[in-house]
Amino acid sequence: METGNNTVLEFLLMGLSEEPELQPLIFGVFLSTYLITVLGNLLIILAVSADPHLHTPMYLFLSNLSFVDICFTSTTVPKMLLNIQMHSKAITYTGCITQMYFFILFFALDNCFLIVMAYDRYVAICHPLHYTVIMNPRLCGISVLVSWITCVLYSLLQTLMVWRLSFCPDLEIPHFFCELSQLIQLACSDTFLNDIVIYFGAGLLGGGSFAGILYSYSKIVSSICRISSAQGKYKAFSTCSSHLSVVCLFYFTGIGVYLTSSGNQNSHPSATASVMYTVVTPMLNPFIYSLRNKDIKRALKKFFVVATP
């Protein structure tokens with residue numbers, strides 16, 4: 001395998017473990033979680049599409065988030081399962097770069113839709129009388145479109161920055177997918193610009209989104225505290241509890257992965273920790289929304305009643 005950026009034939013994905021006896025267990029666990037993730041998020045999309053009562057901004061954003069979660073998991077898990085089944089660790093250079101592009105795209109979209117949903121909950125609780133005016137179909141459409149365009153361009157920028165690099169002879173990636181930071185660590189050429197772009201993107205998309213969500217919820221909590229009745233407080237909080245749960249799961253697992261990988265950049269623990277936000281979080285999201293949301297549960301029951309002959 002040569003080291004020029006256009007002559008690299010393949011990388012080696014070392015996976016979560018190199019122990020042969022663990023491969024069937026890993027295959028079974030990841031196949032199960034992948035099927036649950038796809039089925040759960042697909043049911044959310046079908047329920048929102050089939051029930052006219054759910055054709056609101058909140059559920060428009062939720063269905064987009066579910067679609068992104070399906071794509072997010074599908075970017076990494078199927079290739080891992082295929083490699084285990086084929087007893088192979090190889091991924092082509094083009095395949096690796098493509099996987100990295102779509103991983104960054106859907107990860108960034110998760111961030112964008114979470115902050116858009118936070119703004120939706122802020123308007124619903126803090127400005128309920130003006131909700132339909134503020135969250136009109138035009139604004140919702142623009143929010144979705146801008147999120148997609150921004151994330152596509154950001155992912156393209158990161159991919160082009162990696163494309164310019166040349167790589168060292170050691171092309172083993174201690175991960176189960178082509179993760180951006182792991183690829184940069186394999187580069188032999190100067191990665192200073194790549195690091196700058198990564199830090200800028202993390203600050204803008206990650207830090208900016210998290211700060212926006214914190215600001216929205218600070219206003220939401222302030223508004224809820226001003227409600228006099230306990231029943232009114234509970235009703236107001238219940239409208240955003242599902243989204244808040246997903247936000248905590250997404251960002252806290254991401255922070256945990258960052259703290260874990262910072263001390264284990266070239267070892268399997270960072271890959272194991274990343275399973276939380278790449279596999280577990282997309283799987284749990286539909287459960288959180290279906291179990292904590294009466295409208296979703298009602299729509300799902302209605303969907304299954306109609307689907308049953």
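Because the structure is predicted, anything quoted here is derived from the model rather than measured. When reading the values below, keep in mind they use all heavy atoms of this one structure, side chains included, and skip hydrogens, waters and symmetry mates.
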What residues form a ring pair (Phe, Tyr, Trp, His ring centres under 6.0 Å) with [X], not counting sequence neighbours?
X	result
Phe106	none
Phe107	Phe250, Tyr277
Phe177	Phe103, His175
His127	Tyr122

Please answer whether the main-chain N or O of [Y] pairs with a side-chain N or O of [X] as donor and acceptor at a distance below 3.5 Å.
X	Y	answer
Asn41	Pro282	yes
Asn64	Leu60	yes
Asn136	Ile134	yes
His243	Leu114	yes
Ser222	Lys219	no
Ser209	Ile115	no

Report task. Establish, yes or no, whether a centroid distance under 6.0 Å links the rings of Tyr101 and Trp163. Result ->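 That pair fails the under 6.0 Å test.
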
In the single-linkage hydrophobic clustering (I, L, V, M, F, W, Y; side-chain heavy atoms under 4.5 Å), do [X] and [Y] co-cluster?
X	Y	answer
Leu39	Ile70	yes
Ile196	Val162	no
Leu180	Leu153	no
Tyr215	Phe210	no
Tyr234	Ile125	no

Query raised in the report: With sequence neighbours left out, which residue pairs that include part of residues 45-111 fulfil the disulfide bond (SG atoms under 2.5 Å apart) condition?
Result: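 Applying disulfide bond (SG atoms under 2.5 Å apart) to every pair that reaches into residues 45-111, excluding sequence neighbours, yields Cys96-Cys178.
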
Query - Of all pairs that satisfy disulfide bond (SG atoms under 2.5 Å apart), the ones with a partner from residues 22-52, not counting sequence neighbours - result: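 Sorted result for residues 22-52: empty, none.
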
Query raised in the report: Just wondering, more than 12 heavy atoms not from Gln231 lying within 6.0 Å of its CD?
Result: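 No, not enclosed.
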
Report task. Please indicate whether Phe67 has more than 12 foreign heavy atoms, meaning atoms of other residues, nucleotides or ligands, lying under 6.0 Å from its CZ. Result ->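 No, the 6.0 Å shell around CZ holds no more than 12 heavy atoms from other groups.
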
Is there a side-chain contact between [X] and [Y], using heavy atoms and a 4.5 Å cut-off?
X	Y	answer
Leu105	Phe72	no
Lys89	Glu172	no
Leu13	Met80	no
Gln158	Tyr154	yes
Tyr34	Ser74	yes
Asn285	Leu249	yes
Val275	Phe30	yes
Pro174	Gln182	yes

What distance do [X] atom [atom1] and [Y] atom [atom2] have between them, rounded to the nearest 0.5 Å?
X	Y	atom1	atom2	result
Thr159	Ile97	OG1	CD1	7.0 Å
Cys151	Leu156	SG	CG	12.5 Å
Lys233	Ile224	NZ	CD1	9.5 Å
Ile91	Ile173	CD1	CD1	7.0 Å
Leu22	Ser17	CG	OG	4.5 Å
Leu165	Thr191	CG	OG1	7.0 Å

Query - Evaluation steps, side-chain contact (heavy atoms from CB on, under 4.5 Å), between Met161 and Leu193 - result: CA-CA 8 Å; Met161 292 296 295; Leu193 288 178; 3.5 Å; yes

Query raised in the report: For the residue pair Cys126 and Pro128, what are the closest heavy atoms and their distance?
Result: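 Shortest heavy-atom separation between Cys126 and Pro128 comes out as C-CD, 3.4 Å.
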
Requested in this report: For residues Glu19 and Gln23, report the shortest heavy-atom separation together with the two atoms involved.
Outcome: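 Taking Glu19 first and Gln23 second, the nearest heavy atoms are O-NE2, 3.1 Å.
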
Query raised in the report: Are Tyr251 and Asn111 linked by a side-chain donor-acceptor pair shorter than 3.5 Å?
Result: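 Yes, Asn111 and Tyr251 have a side-chain donor paired with an acceptor closer than 3.5 Å.
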
Query raised in the report: Do we see a donor-acceptor contact under 3.5 Å between the side chains of Ser181 and Glu179?
Result: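 Short answer, yes.
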
Query raised in the report: Step by step, would you call Phe61 with Arg121 a side-chain contact (heavy atoms from CB on, under 4.5 Å)?
Result: CA-CA 11 Å; Phe61 300 138; Arg121 293 300 83 205; over 6 Å; no

With a cut-off of 3.5 Å and sequence neighbours excluded, list every side-chain donor-acceptor pair involving residues 43-51.
| residue | atom | partner | partner atom | Å |
| --- | --- | --- | --- | --- |
| Ser49 | OG | Ile45 | O | 2.8 |
| Asp51 | OD1 | His53 | N | 2.9 |
| Asp51 | OD1 | His53 | ND1 | 3.0 |

Requested in this report: Just say parallel, tilted or perpendicular for the rings of Phe167 and Phe11, cut-offs at 30° and 60°.
Outcome: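 Taking Phe11 first and then Phe167, their aromatic rings stand perpendicular (interplane angle over 60°).
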
Query raised in the report: Can you list the residues that meet the side chain to side chain contact (heavy atoms under 4.5 Å, CB included) rule with Val221, with sequence neighbours excluded?
Result: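 Once residues adjacent in sequence are excluded, the partners of Val221 under the side chain to side chain contact (heavy atoms under 4.5 Å, CB included) criterion are Cys225.
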
**Report entry** Contacts of Thr98 that satisfy side chain to side chain contact (heavy atoms under 4.5 Å, CB included) - sequence neighbours left out
**Finding:**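 Thr94, Phe102.
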
Query raised in the report: Is there a disulfide (SG to SG under 2.5 Å) between Cys188 and Cys168 once you walk through the steps?
Result: CA-CA 5 Å; Cys188 288; Cys168 298; 1.8 Å; yes

Query raised in the report: Can you list the other members of the hydrophobic cluster that holds Phe200, where links are side-chain heavy atoms under 4.5 angstrom apart?
Result: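 Once heavy-atom contacts under 4.5 Å are chained together, Phe200 belongs with Leu204.
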
Under 3.5 Å, which donor-acceptor pairs do the side chains of residues 138-150 form with other protein atoms, sequence neighbours left out?
| residue | atom | partner | partner atom | Å |
| --- | --- | --- | --- | --- |
| Ser143 | OG | Leu139 | O | 2.8 |
| Ser147 | OG | Ser143 | O | 2.7 |
| Thr150 | OG1 | Val146 | O | 2.7 |

Query raised in the report: Does anything in residues 75-88 pair up under side-chain hydrogen bond (donor to acceptor under 3.5 Å, both in side chains), and if so which pairs, sequence neighbours excluded?
Result: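 The answer is Lys79-Asn83.
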
Query raised in the report: Given the rule in the side-chain contact (heavy atoms from CB on, under 4.5 Å) test, do Thr73 and Val38 qualify, once you have shown the distances and angles that lead to the verdict?
Result: CA-CA 8 Å; Thr73 307; Val38 173; over 6 Å; no

**Report entry** side-chain contact (heavy atoms from CB on, under 4.5 Å) evaluation trace for Val280 with Thr33
**Finding:** CA-CA 7 Å; Val280 177; Thr33 55; over 6 Å; no

